[in-house]
Amino acid sequence: HPLWQNSVYDPVLKPLKISYDPTTCLHIWNNGYSFLVEFDDSADRSIIVGGPLENQYRLKQFHFHWGAINEWGSEHTVDCKFYPAELHLVHWNAVAYPTFEEAVMEGDGLAVIGVFLKLGAHHEGLQTLVDALPAIKHKDTVIEFDVFDPSCLIPQCPDYWTYAGSLTTPPLTESVTWIIKKQPIEVDENQLEAFRMLLFTSDGEEEKRMVDNFRPLQPLMNRTVRSSFQ
Ligand SMILES: COCCCN1C=C(N)c2cc(S(N)(=O)=O)sc2S1(=O)=O
Ligand SMILES: [Zn+2]
């Protein structure tokens, strides 16, 4: 969604509190649309609270969207500008709903933190993920991933935009409180190229490079985007 020009500062918005336990990390896999790092969400060990949220939400997985070239790739734009990639950290409301699957269907079920990736300096924390990508080149390949703290992928600057939206891939349910960080993280060209070496296709199928796995920009309609900053 187009952010910034359409946003209004909301002084009531609190800072987002993020507390992740790196040992809740389970595995990294290629699901044929993106690559995901999944977490053990059987207890409140990796959670976010505050910001626009009424409850605390549990981290379930994070994944990325990116382009074939650096001119596009993100699913949100700022000032009509696309970033080459966007990180989504998916959390669910385990206070209100017994399972993730049920939370996916509810208006206050999910909270997704969006972080823009910008071409620039090498990102040490991301390199740990990049090093694992060759092992999950094909769809439905998975490797164990024991310890990873996704906080290293979230910028220090507390500023964010927030709006009530949907999943950007089917089932597209309107169940997401979007929290988009204003400050991007910097990654280098080799790291973006590593994303583009992944495949949509399974081993043995004709190879299709995993690129442009983002949803095209959608109209904001009558939605209000609030900012936590002036
Ligand atoms: C039983 O659950 C199946 C549907 C839920 N999920 C599937 C997606 N396509 C999806 C997209 C997401 S995104 N791109 O809006 O963050 S998060 C997410 S998800 O929450 O992991
Ligand atoms: Zn996503």
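As the structure lists them, so they are numbered: ligands from 1, and atoms in each ligand from 1. Values below: every heavy atom of this structure, side chains too, minus hydrogens, waters and symmetry copies.
Just one of F145, F200, F64 meets the ring-ring contact (aromatic ring centres under 6.0 Å, His included) condition when paired with F35; it is F64. Screening F82, W66, Y83 for a ring-ring contact (aromatic ring centres under 6.0 Å, His included) with F116, the sole residue that qualifies is Y83.
Counting only heavy atoms from C-beta outward, the side chains of E38 and H27 approach each other to under 4.5 Å. Within the 4.5 Å cutoff, the side chain of W92 has heavy atoms near those of the D41 side chain. By the 4.5 Å heavy-atom criterion applied to side chains, R226 and V12 are not counted as neighbours. S175 is listed as a side-chain neighbour of L167, based on a closest heavy-atom distance under 4.5 Å.
Here the protein heavy atom with the shortest distance to atom 14 (N) of ligand 1 is T168 OG1, 2.8 Å. For atom 10 (C) of ligand 1, the closest non-hydrogen atom of the protein is T169 OG1, 3.6 Å. Nearest protein neighbour of atom 20 (O) of ligand 1, counting heavy atoms only, is F100 CZ, 3.1 Å.
Among Q61, R215, K60, the residue whose heavy atom lies closest to atom 21 (O) of ligand 1 is Q61. Distances from atom 18 (C) of ligand 1 to the heavy atoms of L167, L89, V176 show the closest one on L167.
Between the NE2 atom of H65 and the NE2 atom of H63, the angle taken at the Zn ion (ligand 2) works out to 110° after rounding to 10°.
Residue H65 approaches ligand 1 through these ligand atoms, each under 4.0 Å from one of its heavy atoms: 14 (N). Which parts of ligand 1 touch P170 is read off a 4.0 Å heavy-atom cut-off, strictly below it: atoms 9 (N). In the vicinity of E101, heavy-atom distances shorter than 4.0 Å reach the ligand 1 atoms 1 (C).
Counting heavy-atom neighbours within 6.0 Å of K181 NZ, excluding the residue itself, gives a total above 12. Heavy atoms from other residues, nucleotides or ligands lying under 6.0 Å from CD of E189 number more than 12.
In V90, the part holding a heavy atom less than 4.0 Å from any atom of ligand 1 is the side chain. Residue contacts with ligand 1, taken as heavy atom pairs separated by less than 4.0 Å, do not involve F214 at all. Residue P171 touches ligand 1 through its side chain alone, judged by heavy-atom distances below 4.0 Å.
The NZ atom of K60 lies 14.5 Å from the CG atom of L89; values are rounded to the nearest 0.5 Å.
By the definition of a contact as any protein heavy atom under 4.0 Å away, atom 3 (C) of ligand 1 is not in contact.
Taking the N/O/S atoms of H88 in turn, the shortest distance to the Zn ion (ligand 2) belongs to ND1.
Between W161 and F229, the ring centre distance stays below 6.0 Å.
In terms of polar-atom proximity, W178 is not counted as a contact of ligand 1, lacking any N or O under 3.5 Å from an N or O of the ligand.
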